S.K.: 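First the structure, then my questions, so here it is.
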Amino acid sequence: MEKPRLRFAPSPTGYLHIGGVRTALFNWLWARHTGGAFVLRIEDTDQERSTPESKQVILDSLRWLGIDWDEGPEVGGEHGPYEQMQRLSLYAEWAERLIAEKKAYRCYCTKAELDAQREALKKADPKAQFKYPGTCRNRTDKPDLPSVVRFMTDTAGEVVYVDKVFGEVRTPNKELQDFVLVRGDGVPLYNFGAVVDDITMGIGIVARGRDHMINTPPQILIYQAFGAKVPEFAHLPMMLNQAGAKLSKRDGAVGVFEYRDLGYTPGAVLNYLVRFGWSHGDQEVFSKQQLVDVFNWEACGRGDGKFDPKKFASIQHEHLKSKGLTPDDEYVTRVLPFLAARGLANVDRAMVERALYTIRERATTLVDAAEKLDYYFRDEPVMDEKAAAKFLVKEHAENLRAFRDVSADGEWTEAALEARAVAFLAAKSLEMKHIAQPARVALTGRTASPSLYQVMFVLGRDASLARLDRAVARAEKAG
RNA sequence: GGCCCCAUCGUCUAGCGGUUAGGACACCAGCCUCUCACGUUGGGAACACGGGUUCAAUUCCCGUUGGGGUCGCCA
């Protein structure tokens with residue numbers, strides 16, 4: 001079987017939306033699964049909205065996610081250029097071919113005229129559908145006026161294709177019209193540019209959001225007009241917000257980098273997004289490599305899905321919990337910037353790595369992780385005064401001092417610390433709960449933390465004893 | 001409104017004619033426990049409705065309802 005070539009073709013009109021990531025991901029997964037190629041193409045023909053900054057954000061977002069492209073901007077390839085505004089002459093040439101073969105024609109109707117016709121029809125019959133009436137279809141003159149190129153759509157027949165996700169889709173040609181291929185200024189419209197590029201770039205499978213389904217029939221007509229092989233199409237169900245509408249900025253974070261800044265990791269983002277419209281039995285958690293291994297179109301569903309931040313967070317939690325999904329080294333690298341954001345720059349990498357196992361099961365995001373790592377990296381923990389007022393008080397001072405002394409008296413390992421504490425408690429007929437919270441507040445400045453022995457071990461003897469000493473002093477002074 | 005698509009717990013989903021309709025998130029209760037988590041046990045929670053087809057429909061067909069998409073010289 002021929003290795004399939006797939007593509008992701010975003011328009012650089014803003015940040016990379018997570019819906020776009022899902023589309024990119026499915027294409028990328030299939031390319032990697034099959035050993036095919038993944039092409040990135042920038043569709044910048046909307047000159048009003050496209051910006052170089054957006055293009056850069058999209059490239060950076062994909063790189064952050066680990067979705068790499070075999071051909072495209074900044075990596076090149078034999079089918080380039082990969083930005084549509086650099087391919088204008090190609091579109092002009094291909095459009096002329098269609099005109100010469102009477103499969104397309106120049107239309108001199110102005111936008112104003114068309115708008116007026118649309119308005120008039122709407123007034124006469126609000127329910128009617130405006131379609132270009134074919135005014136310029138048979139014009140033979142060539143006035144020196146601005147013109148667009150329109151496709152000459154045969155009103156007979158129907159377009160049929162078998163979607164890899166939705167199955168057979170049929171559209172009668174009479175539902176279509178003489179749509180515009182190329183603007184007056186020579187810049188192609190989406191349907192034309194995409195098809196010409198997909199043909200010349202050898203794209204064999206086009207996977208995109210279901211909102212593009214409406215474009216497929218006219219695109220197939222263009223393929224046929226060129227005598228080109230029609231690719232396979234796979235439309236993906238929509239990702240909606242919790243209200244069931246299209247996901248937008250109003251629904252909270254939708255840009256990839258917003259999630260990066262929220263402390264999400266690429267693997268978790270991809271894991272959450274892949275479950276929109278795709279499943280693998282009961283499995284919820286996947287590594288990127290597993291996804292590449294098991295992804296297929298057959299397991300794609302058709303129903304739209306609603307974005308669930310809670311589930312997303314839980315997937316992120318799973319990824320941070322598992323060393324297999326987020327190895328220590330990667331975890332440290334990723335959490336460092338978040339520690340820096342808390343004023344903890346230049347912390348010891350090895351120390352972070354040592355502390356990791358104490359928070360693995362507790363941290364949901366990297367922001368969360370940095371927060372939970374905080375007290376390991378300060379001379380004195382940031383004290384929760386409410387907690388201090390409750391636990392660092394006279395009534396606990398004696399036990400706290402005793403706990404400090406017994407801890408100090410021997411080997412500084414988790415097991416040894418625990419053994420001495422247990423023996424001490426037994427001798428005093430005390431229970432751990434009598435000293436745990438004061439000690440916790442002393443060591444961490446807060447009422448919730450990993451096991452005291454773990455904290456003390458990671459902190460080390462000197463820092464731990466210093467904190468306990470200070471707490472004892474404070475407790476004795478307090479009421 | 002025309003055209004297109006969709007329809008299993010609140011959410012993501014498994015199911016591909018015969019199941020006590022499964023899992024995950026979220027929620028509730030218990031256990032574990034030095035706190036927080038983790039883990040674990042259990043619980044509530046779904047086949048939109050109506051017709052067919054069939055010995056048998058969540059599953060196949062049709063309709064209804066509901067939802068979504070799209071109707072540009074945007075992509």
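Order of the sequence lines fixes the chain letters, A, B, ..., with proteins taken first and strands second; residue numbering starts at 1 for each chain. Note: hydrogens, waters and symmetry copies are ignored here, and every other heavy atom, side chains too, is used. Being a predicted model, the structure only gives us computed values, none of them experimental.
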S.K.: When the C1' atoms of B/rA46 and B/rC27 are compared, how many Å lie between them, rounded to an integer?
M.R.: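 These two C1' atoms come out 16 Å apart once rounded.
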
S.K.: Does the distance from a Lys or Arg side-chain N to an Asp or Glu carboxylate O, for A/E414 and A/R354, drop under 4.0 Å?
M.R.: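 The answer is no: the pair does not qualify as a salt bridge.
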
S.K.: So which nucleotide does B/rG2 pair with, by the Watson-Crick or G-U wobble rule with both distances under 3.5 Å?
M.R.: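 Its partner is B/rU70.
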
S.K.: The test is ring-ring contact (aromatic ring centres under 6.0 Å, His included); show your working for A/F26 and A/F295 and say whether it passes.
M.R.: CA-CA 8 Å; A/F26 279 39; A/F295 180 80; 5.1 Å; yes

S.K.: Using whole Å, what does the distance between atom P of nucleotide B/rA75 and atom CD of A/Q219 come to?
M.R.: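 Roughly 12 Å, once rounded to whole Å.
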
S.K.: What distance, rounded to whole Å, do you find between the two P atoms, one in B/rG50 and one in B/rG43?
M.R.: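 Looking at atom P only, B/rG50 and B/rG43 are 30 Å apart.
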
S.K.: How close do A/S11 and A/E43 get, counting heavy atoms only, and between which atoms?
M.R.: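 That would be CB-O, 3.1 Å.
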
S.K.: Is the side chain of A/D198 donor-acceptor paired with the backbone N or O of A/I203 at a distance under 3.5 Å, no angle test?
M.R.: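 Between the backbone of A/I203 and the side chain of A/D198 there is no qualifying donor-acceptor contact (under 3.5 Å).
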
S.K.: Could you pull out the closest heavy-atom pair between A/E168 and A/V160, with the gap in Å?
M.R.: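 That closest heavy-atom pairing would be CG-CG1, 3.9 Å.
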
S.K.: Tell me whether the OP1 or OP2 atom of B/rG72 has a side-chain N or O from A/R118 closer than 4.0 Å.
M.R.: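 So the side-chain polar atoms of A/R118 do come within 4.0 Å of the phosphate oxygens OP1 or OP2 of B/rG72, strictly under.
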
S.K.: In the strands shown, is B/rA48 matched to any nucleotide by a Watson-Crick or G-U wobble pair with both distances under 3.5 Å, and which?
M.R.: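 Because both required distances fall under 3.5 Å, B/rA48 counts as paired with B/rU64.
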
S.K.: Tell me which pairs pass ring-ring contact (aromatic ring centres under 6.0 Å, His included) where either residue lies in residues 108-133 of chain A, with sequence neighbours left out.
M.R.: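 Listed once each, the pairs would be none.
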
S.K.: Please name the nucleotide paired to B/rC32 by Watson-Crick or G-U wobble geometry with both distances under 3.5 Å, or report none.
M.R.: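 Paired with B/rC32, as far as the under-3.5 Å criterion goes, is no nucleotide at all.
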
S.K.: Thinking salt bridges, do A/K55 and A/D44 make one under a 4.0 Å N-O criterion?
M.R.: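 Looking at A/K55 and A/D44, the cut-off is not met.
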
S.K.: Could you check whether A/K246 gets within reach of a base, just the sugar-phosphate, or nothing at all, counting any heavy atom under 4.0 Å?
M.R.: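 Sugar-phosphate contact only.
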
S.K.: Would you mind classifying the nucleic acid contact of A/C109 as base, sugar-phosphate or nothing, using non-hydrogen atoms under 4.0 angstrom?
M.R.: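 A/C109: base contact, heavy atoms under 4.0 Å.
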
S.K.: Assess the side chains of A/R87 and A/Q84: does a donor N or O sit below 3.5 Å from an acceptor N or O?
M.R.: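 A/Q84 and A/R87 do not have a side-chain donor-acceptor pair below 3.5 Å.
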
S.K.: Apply the ring-ring contact (aromatic ring centres under 6.0 Å, His included) test between A/F233 and each candidate in A/Y161, A/F166, A/W297; give the one that qualifies.
M.R.: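 For A/F233, the ring-ring contact (aromatic ring centres under 6.0 Å, His included) check succeeds only for A/Y161.
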
S.K.: Between P on B/rC71 and CG on A/N191, what's the gap in Å once rounded to a whole number?
M.R.: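 These atoms are roughly 10 Å apart.
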
S.K.: Considering non-hydrogen atoms only, spot the tightest contact between A/A387 and A/T447 and give its length.
M.R.: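 Taking A/A387 first and A/T447 second, the nearest heavy atoms are CB-CG2, 3.6 Å.
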
S.K.: Has A/K122 got a side-chain N or O lying under 4.0 Å from the OP1 or OP2 atom of B/rG1?
M.R.: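 No, no such contact exists.
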
S.K.: Report yes if a side-chain nitrogen or oxygen of A/R183 is closer than 4.0 Å to either non-bridging phosphate oxygen (OP1 or OP2) of B/rA75; otherwise report no.
M.R.: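 For B/rA75, OP1 or OP2 has a side-chain N or O of A/R183 closer than 4.0 Å.
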
S.K.: Scan A/G305 against the nucleic acid and name what it touches under 4.0 Å (heavy atoms): base, sugar-phosphate only, or nothing.
M.R.: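 Contact class for A/G305: sugar-phosphate only.
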
S.K.: Taking only nitrogen or oxygen atoms into account, show me every contact under 3.5 Å that the protein makes with nucleotides 41-43 of chain B, one pair per line with its distance.
M.R.:
none

S.K.: Look at all strands and tell whether A/G277 reaches a base, only sugar-phosphate, or nothing, counting heavy atoms closer than 4.0 Å.
M.R.: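 The residue A/G277 makes sugar-phosphate contact but no base contact.
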
S.K.: With heavy atoms under 4.0 Å as the rule, sort A/P450 into base, sugar-phosphate or nothing.
M.R.: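 A/P450: base contact, heavy atoms under 4.0 Å.
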
S.K.: So what does A/T45 hit on the nucleic acid, given a heavy-atom distance under 4.0 Å: a base, only sugar-phosphate, or nothing?
M.R.: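 Counting heavy atoms under 4.0 Å across all strands, the contact made by A/T45 is with sugar-phosphate only.
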
S.K.: Round to the nearest Å and state the distance from A/H212 atom NE2 to B/rG68 atom C1'.
M.R.: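 Atom-to-atom, A/H212 to B/rG68, this comes out as 15 Å.
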
S.K.: Identify whether any heavy atom of A/V180 sits under 4.0 Å from a base atom; if not, whether one sits that close to sugar-phosphate; answer base, sugar-phosphate or nothing.
M.R.: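 If one applies the 4.0 Å heavy-atom cut-off, A/V180 turns out to touch the sugar-phosphate alone, with no base involved.
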
S.K.: So does A/R401 have more than 12 non-hydrogen atoms from other groups sitting under 6.0 Å from CZ?
M.R.: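 No, not enclosed.
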
S.K.: Could you state the atom-to-atom distance from CZ of A/F192 to P of B/rC73 in whole Å?
M.R.: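 Between P of B/rC73 and CZ of A/F192: 16 Å.
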
S.K.: Just by distance, no angles: are the side chains of A/T135 and A/R150 close enough, under 3.5 Å, to form a donor-acceptor pair?
M.R.: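 No, no side-chain donor-acceptor contact under 3.5 Å.
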
S.K.: Quick one: the side chain of A/N215 and the base of B/rA75, do they pair up donor-acceptor inside 3.5 Å?
M.R.: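 Between B/rA75 and A/N215, which were checked side chain against base, a qualifying N/O pair under 3.5 Å is present.
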
S.K.: Can you tell me the Watson-Crick or wobble partner of B/rA24, both distances under 3.5 angstrom?
M.R.: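 The answer is B/rU11, by the H-bond criterion.
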
S.K.: Roughly how many Å apart are B/rA48 and B/rA14, using the P atom of each and rounding to a whole number?
M.R.: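 It works out to 14 Å between them.
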
S.K.: Salt bridge between A/K246 and A/D304, side-chain N to carboxylate O under 4.0 Å?
M.R.: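 No, this pair does not count.
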
S.K.: Taking atom C1' of B/rC73 as reference, at what distance in whole Å does atom OH of A/Y190 sit?
M.R.: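 So the two atoms are 17 Å apart, to the nearest Å.
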
S.K.: When the nearest nucleotide of RNA chain B is assigned to A/L452 and to A/S279 on a heavy-atom basis, which residue is associated with the more 5' position?
M.R.: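 Closest to the 5' end, via its nearest nucleotide, is A/S279.
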
S.K.: If you measure from the P atom in B/rC6 to the same atom in B/rC62, how many Å do you get, rounded?
M.R.: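 So the two P atoms sit 11 Å from each other.
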
S.K.: NA contact type, A/H317, heavy-atom cut-off 4.0 Å: base, sugar-phosphate, or nothing?
M.R.: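 Sugar-phosphate contact only.
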
S.K.: Does the base of B/rC34 carry an N or O that pairs as donor and acceptor with the side chain of A/S451 under 3.5 Å?
M.R.: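 When only heavy-atom distances are counted, A/S451 does reach the base of B/rC34 through a donor-acceptor pair under 3.5 Å.
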
S.K.: Taking atom P in both B/rU58 and B/rU53, compute the distance separating them and give it to the nearest angstrom.
M.R.: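 About 16 Å, rounded to a whole number of Å.
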
S.K.: Please list, for nucleotides 2-7 of chain B, all pairs of protein and nucleotide N/O atoms separated by less than 3.5 Å.
M.R.:
none

S.K.: Kindly compute the distance separating CD (A/E418) from CE (A/M432), expressed to the nearest 0.5 Å.
M.R.: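 If we round to the nearest 0.5 Å, A/E418:CD and A/M432:CE are 8.0 Å apart.
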
S.K.: Is there side-chain contact between A/F307 and A/F312, with heavy atoms separated by less than 4.5 Å?
M.R.: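 Result yes, sub-4.5 Å side-chain heavy-atom pair found.
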
S.K.: For A/Q437 and B/rC34, give me the distance from atom CD to atom P, rounded to whole Å.
M.R.: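 Result: 11 Å.
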
S.K.: Need to verify one output field. Residue with the more 5' nearest nucleotide on RNA chain B, A/G301 or A/G244?
M.R.: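 Counting from the 5' end, the first nearest nucleotide belongs to A/G301.
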
S.K.: For A/T326 and A/K323, indicate whether the former's side chain and the latter's backbone hold a donor-acceptor pair under 3.5 Å.
M.R.: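 Not a single qualifying donor-acceptor pair exists.
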
S.K.: Is it true that, when you exclude A/R302 itself, more than 12 heavy atoms of the residues, nucleotides or ligands shown sit nearer than 6.0 Å to its CZ?
M.R.: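 No, CZ of A/R302 has 12 or fewer neighbouring heavy atoms, counting only those of other groups under 6.0 Å.
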
S.K.: Go through residues 150-162 of chain A and report each residue with a non-hydrogen atom lying under 4.0 Å from RNA chain B, sorted by number.
M.R.: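 When residues 150-162 of chain A is checked for heavy atoms under 4.0 Å from RNA chain B, there are no hits whatsoever.
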
S.K.: If the C1' atom of B/rG66 is compared with that of B/rC73, how far apart are they to the nearest Å?
M.R.: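 After rounding to an integer number of Å, I get 36 Å for this pair.
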
S.K.: Report the nucleotide, chosen from B/rC74, B/rC34, B/rG68, that has the shortest atom-to-atom distance to any side-chain atom of A/D46.
M.R.: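 Side chain of A/D46 sits closest to B/rC74.
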
S.K.: Suppose you measure atom C1' in B/rA24 against the same atom in B/rA45; what distance do you get, rounded to whole Å?
M.R.: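 My reading of the C1' atoms in B/rA24 and B/rA45 gives 14 Å.
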
S.K.: Distance between the P atoms of B/rA29 and B/rC36, in whole angstroms?
M.R.: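 That atom pair is separated by 14 Å.
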
S.K.: For residues 314-321 of chain A, run the donor-acceptor check on the side chains, cut-off 3.5 Å, and write out each pair with its distance to 0.1 Å, sequence neighbours left out.
M.R.:
from: A/S314; atom 1: OG; to: A/K311; atom 2: O; distance (Å): 3.1
from: A/Q316; atom 1: OE1; to: A/T265; atom 2: N; distance (Å): 2.8
from: A/Q316; atom 1: OE1; to: A/T265; atom 2: OG1; distance (Å): 3.3
from: A/Q316; atom 1: NE2; to: A/T265; atom 2: OG1; distance (Å): 3.0
from: A/H317; atom 1: NE2; to: A/E361; atom 2: O; distance (Å): 2.9
from: A/E318; atom 1: OE2; to: A/K321; atom 2: NZ; distance (Å): 3.3
from: A/H319; atom 1: NE2; to: A/N271; atom 2: OD1; distance (Å): 2.7

S.K.: Classify the nucleic acid contact of A/K306 as base, sugar-phosphate or nothing, counting any heavy atom under 4.0 Å across all strands shown.
M.R.: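 Here A/K306 touches the backbone only, sparing every base.
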
S.K.: May I ask you to say what A/S449 touches in the nucleic acid, namely base, sugar-phosphate or nothing, with a heavy-atom cut-off under 4.0 Å?
M.R.: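 Contact class for A/S449: base.
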
S.K.: Between protein and nucleotides 17-30 of chain B, map the contacts as a letter string: B base, S sugar-phosphate only, - none, heavy atoms under 4.0 Å, written 5' to 3'.
M.R.: -----BBBSS----

